[in-house]
Participant: 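Just dropping this structure here.
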Amino acid sequence: MSLAKTDFKIVVFLGAPGAGKGTQAAGVAQEMHMTHLSSGDLFRQAVERGDELGMKVKSFMERGALVPDEITIQMVLERLEQRGEQRGIILDGFPRNLAQAESLDKALSAGPYENVDVAVYISVEQPELIKRLSSRWLCRQCQTPYNYDGSKGAVSACAKCGGELYQRPDDAMETVLKRLEVYFRDTVPVIEYYKQRGTLAEVDGGGDVEDITARIVKAIGDSK
Ligand code: AP5
């Protein structure tokens with residue numbers, strides 16, 4: 001089955017580390033029958049496998065730096081070509097600088113979908129970002145995130161699959177501050193890039209996860 005352009009939406013999620021891009025992309029993708037493509041997850045899976053890509057990207061991720069564009073752009077664009085028959089795709093964590101945004105536009109304009117339909121900017125204040133990242137634990141098997149601030153006894157296993165819970169190495173405070181610095185320098189200009197193209201939808205990323213999901217679903221539905 002081939003999909004006409006109007007049937008398929010290309011959605012970009014923008015936001016600082018800890019804004020809830022991954023959490024929301026998973027929920028919105030399920031609700032709207034879209035594919036969730038996370039550049040960070042793809043890199044973490046490669047690091048876990050210890051393959052060539054993983055060895056190339058590990059040191060960048062560990063110090064909170066961006067992986068070089070030539071690696072990232074090729075990886076994401078290859079995945080975009082395998083989009084399947086869902087109603088759209090959510091790009092979580094890509095593009096993250098202007099070069100990536102321009103490469104994405106160029107690649108899309110050469111195919112049937114032409115452009116990004118909506119860039120959802122999930123905005124959250126910095127103290128909340130730091131609180132979320134410093135208390136984040138993840139299931140090593142199914143990647144479900146949990147918030148644990150140390151006040152409720154020992155960390156237990158994943159409630160969904162029983163997998164071991166762990167903290168991301170780049171959630172150490174020093175690396176979180178570096179990631180925020182990179183975000184303000186390289187990714188904030190991407191928000192302006194989509195604003196100028198009339199495709200930006202800013203969504204308040206504070207409050208209950210389900211309420212935020214509803215705001216994002218509405219923003220995507222309202223896009224052309
Ligand atoms: P990536 O994995 O993309 O990390 P990030 O952008 O720093 O984002 P996070 O995953 O930390 O946060 P999030 O916004 O997804 O929030 P989440 O939903 O998890 O990138 C990691 C690294 O990979 C980069 O540093 C770079 O090295 C490399 N990389 C990736 N993409 C790249 C690219 N395009 N170019 C170059 N390099 C790239 O939520 C965070 C926590 O908050 C969770 O514990 C969650 O449970 C909790 N939470 C979520 N929502 C709420 C809420 N409403 N209330 C309370 N808690 C909440």
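Just so you know, residue 1 is the first one in the sequence shown, and it goes up from there. The structure displayed is predicted, hence computed values, not measured ones. Counting convention: from 1, in listed order, for ligands and their atoms alike.
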Participant: Take every heavy atom of G206, measure it against each atom of ligand 1, and state whether any distance is under 4.0 Å.
Facilitator: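 The answer is no, since G206 has no heavy atom less than 4.0 Å from ligand 1.
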Participant: According to side-chain hydrogen bond (donor to acceptor under 3.5 Å, both in side chains), does anything in residues 178-187 pair up with another residue at least two apart or in another chain? List the pairs.
Facilitator: D171-R179
Participant: Pairs of nitrogen or oxygen atoms closer than 3.5 Å, one from N147 and one from ligand 1: do any exist?
Facilitator: yes
Participant: Does a sphere of radius 6.0 Å around CD in E125 hold more than 12 heavy atoms from other residues, nucleotides or ligands, not counting ones at 6.0 Å or beyond?
Facilitator: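 12 or below, so no.
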Participant: Considering only protein heavy atoms, which is closest to atom 22 (C) of ligand 1, and at what distance to one decimal place?
Facilitator: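 For atom 22 (C) of ligand 1, the nearest protein heavy atom is M61 CE, 3.8 Å.
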Participant: Is the shortest N/O to N/O distance between A19 and ligand 1 below 3.5 Å?
Facilitator: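 Yes, at least one N or O pair falls under 3.5 Å.
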Participant: Can you find an N or O of Q100 that's nearer than 3.5 Å to an N or O of ligand 1?
Facilitator: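 Q100 vs ligand 1: N/O contact under 3.5 Å present.
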Participant: Counting heavy atoms only, which of L104, V67, T144 comes nearest to atom 37 (N) of ligand 1?
Facilitator: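 Result: the heavy atom closest to atom 37 (N) of ligand 1 is in V67.
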Participant: Run the numbers for me: atoms of ligand 1, each under 4.0 Å from some heavy atom of R44, listed by number.
Facilitator: 2 (O), 21 (C)
Participant: Between P95 and A101, what is the shortest heavy-atom contact and its length?
Facilitator: CB-N, 3.4 Å
Participant: Which one of V76, V67, L66 satisfies the side-chain contact (heavy atoms from CB on, under 4.5 Å) criterion with S39?
Facilitator: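 Per the side-chain contact (heavy atoms from CB on, under 4.5 Å) rule, the option paired with S39 is V76, out of V76, V67, L66.
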Participant: Drop me the distance from L180's CG to L133's CG, to the nearest 0.5 angstrom.
Facilitator: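 Answer rounded to 0.5 Å: 7.0 Å.
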Participant: Which residue and non-hydrogen atom of the protein lie closest to atom 31 (N) of ligand 1, and at what distance in Å?
Facilitator: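 In this structure, atom 31 (N) of ligand 1 has S39 OG, 2.7 Å as its nearest protein heavy atom.
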Participant: When you measure from atom 19 (O) of ligand 1 to every protein heavy atom, which one gives the shortest distance, and what is it?
Facilitator: R136 NH1, 2.6 Å
Participant: Before signing off on this row, confirm whether K21 and ligand 1 have an N or O atom pair separated by under 3.5 Å.
Facilitator: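 There is such a contact, yes.
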Participant: What's the separation between atom CH2 in W137 and atom CD in E164, rounded to the nearest 0.5 Å?
Facilitator: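 Reported to 0.5 Å precision, the distance equals 9.0 Å.
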Participant: Ignoring angles and geometry beyond distance, decide whether F43 reaches within less than 3.5 Å of ligand 1 through its nitrogen or oxygen atoms.
Facilitator: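 No, F43 has no N/O under 3.5 Å of an N/O on ligand 1.
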Participant: Among all protein non-hydrogen atoms, which one is nearest to atom 20 (O) of ligand 1, and what is the separation to 0.1 Å?
Facilitator: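 Protein heavy atom at minimum distance: R96 NH2, 3.4 Å.
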Participant: Any idea which protein heavy atom is nearest atom 12 (O) of ligand 1, and the distance to it?
Facilitator: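 For this ligand atom, the closest protein heavy atom is G18 N, 2.9 Å.
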Participant: What part of A16 sits under 4.0 Å from ligand 1 if we count only heavy atoms: the side chain, the backbone, both or neither?
Facilitator: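 The answer is the backbone.
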Participant: Do you know the tightest heavy-atom contact between A16 and L129?
Facilitator: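 So the minimum-distance heavy-atom pair works out to CB-CD1, 3.5 Å.
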Participant: Please find the pair of heavy atoms, one from F13 and one from V11, that lie closest to each other, and give the distance.
Facilitator: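 Minimum heavy-atom contact is CE1-CG1, 3.7 Å.
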Participant: Is there any N or O on T23 that sits under 3.5 Å from an N or O of ligand 1?
Facilitator: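 It does: an N or O of T23 is found under 3.5 Å from an N or O of ligand 1.
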Participant: Which of the atoms in ligand 1, numbered in the order shown and given with their element, are less than 4.0 Å from a heavy-atom of G22?
Facilitator: 13 (P), 15 (O), 18 (O)
Participant: Check whether any heavy atom of G15 sits under 4.0 Å from an atom of ligand 1.
Facilitator: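 No, that is not the case, since the closest heavy atom of the residue is not under 4.0 Å from the ligand.
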Participant: Return a yes/no value for I212: is any of its N or O atoms, backbone included, closer than 3.5 angstrom to an N or O of ligand 1?
Facilitator: no
Participant: Please identify which atoms of ligand 1 are closer than 4.0 Å to at least one heavy atom of T72.
Facilitator: 33 (C), 34 (N), 35 (N), 36 (C)
Participant: Say you draw a straight line from CD of E52 to CE of M55; how long is it, rounded to the nearest 0.5 Å?
Facilitator: 6.5 Å
Participant: Specify the protein heavy atom at minimum distance from atom 4 (O) of ligand 1: its residue, its atom name, and the distance to 0.1 Å.
Facilitator: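 The protein heavy atom lying closest is R168 NH2, 3.2 Å.
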Participant: I need the single residue from E31, Q24, Q30, K218 that forms a side-chain hydrogen bond (donor to acceptor under 3.5 Å, both in side chains) with T213. Which is it?
Facilitator: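 Between T213 and the candidates, side-chain hydrogen bond (donor to acceptor under 3.5 Å, both in side chains) is satisfied uniquely by Q24.
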Participant: Would you check whether D41 has a nitrogen or oxygen atom less than 3.5 angstrom from a nitrogen or oxygen atom of ligand 1?
Facilitator: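 Among all N and O atoms of D41, none is under 3.5 Å from an N or O of ligand 1.
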Participant: Heavy-atom contacts with G207 under 4.0 Å: which atoms of ligand 1 show up? List them by number with element.
Facilitator: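 Those atoms are 52 (C), 53 (N), 54 (N).
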Participant: Which protein non-hydrogen atom lies closest to atom 27 (O) of ligand 1, naming both residue and atom, and how far is it?
Facilitator: A65 O, 2.6 Å
Participant: Between side-chain atoms of residues 198-209 and protein atoms elsewhere (two or more places apart, or another chain), which donor-acceptor pairs fall under 3.5 Å?
Facilitator:
{"residue": "T199", "atom": "OG1", "partner": "Y194", "partner atom": "O", "Å": "3.3"}
{"residue": "E202", "atom": "OE2", "partner": "S123", "partner atom": "OG", "Å": "3.3"}
{"residue": "D204", "atom": "OD1", "partner": "G206", "partner atom": "N", "Å": "2.9"}

Participant: Can you confirm whether Q74 is buried at CD, in the sense that more than 12 heavy atoms of other residues, nucleotides or ligands lie under 6.0 Å from that atom?
Facilitator: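 Not buried by this count: 12 neighbours or fewer within 6.0 Å.
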Participant: Could you tell me which atoms of ligand 1, counted from 1 in the order shown, lie closer than 4.0 angstrom to a heavy atom of P145?
Facilitator: 46 (O)
Participant: Under 3.5 Å between some N or O of ligand 1 and some N or O of G93?
Facilitator: yes
Participant: When you look at M32 and K9, which way does the side-chain contact (heavy atoms from CB on, under 4.5 Å) test go after all the steps?
Facilitator: CA-CA 10 Å; M32 300 190 82; K9 289 208 173 187; over 6 Å; no
Participant: Would you mind reporting whether D69 and Q100 have side-chain heavy atoms less than 4.5 Å apart?
Facilitator: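 Yes, at least one pair of side-chain atoms sits under 4.5 Å.
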Participant: In Å, rounded to the nearest 0.5 Å, how long is the span from CZ of R140 to SG of C161?
Facilitator: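 SG of C161 is found 12.0 Å from CZ of R140.
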Participant: Would you mind checking which non-hydrogen protein atom is closest to atom 55 (C) of ligand 1, with the distance to 0.1 Å?
Facilitator: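 That would be R132 NE, 3.7 Å.
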Participant: Decide whether the shortest distance between a heavy atom of P95 and an atom of ligand 1 is less than 4.0 Å.
Facilitator: no
Participant: List every atom of ligand 1 that sits less than 4.0 Å from any heavy atom of L133, numbering the atoms from 1 in the order shown and giving each element.
Facilitator: 11 (O)
Participant: Between CG of D117 and CD1 of I220, what distance do you get to the nearest 0.5 Å?
Facilitator: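 Between atom CG of D117 and atom CD1 of I220 there are 10.0 Å.
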Participant: Give, for atom CZ of R79 and atom OG1 of T35, the distance between the pair rounded to the nearest 0.5 Å.
Facilitator: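 Here the rounded value is 11.5 Å.
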Participant: I want to know if ligand 1 touches Q24 in the polar sense, i.e. an N/O pair below 3.5 angstrom.
Facilitator: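 Checking ligand 1 against Q24, no N or O pair falls under 3.5 Å apart.
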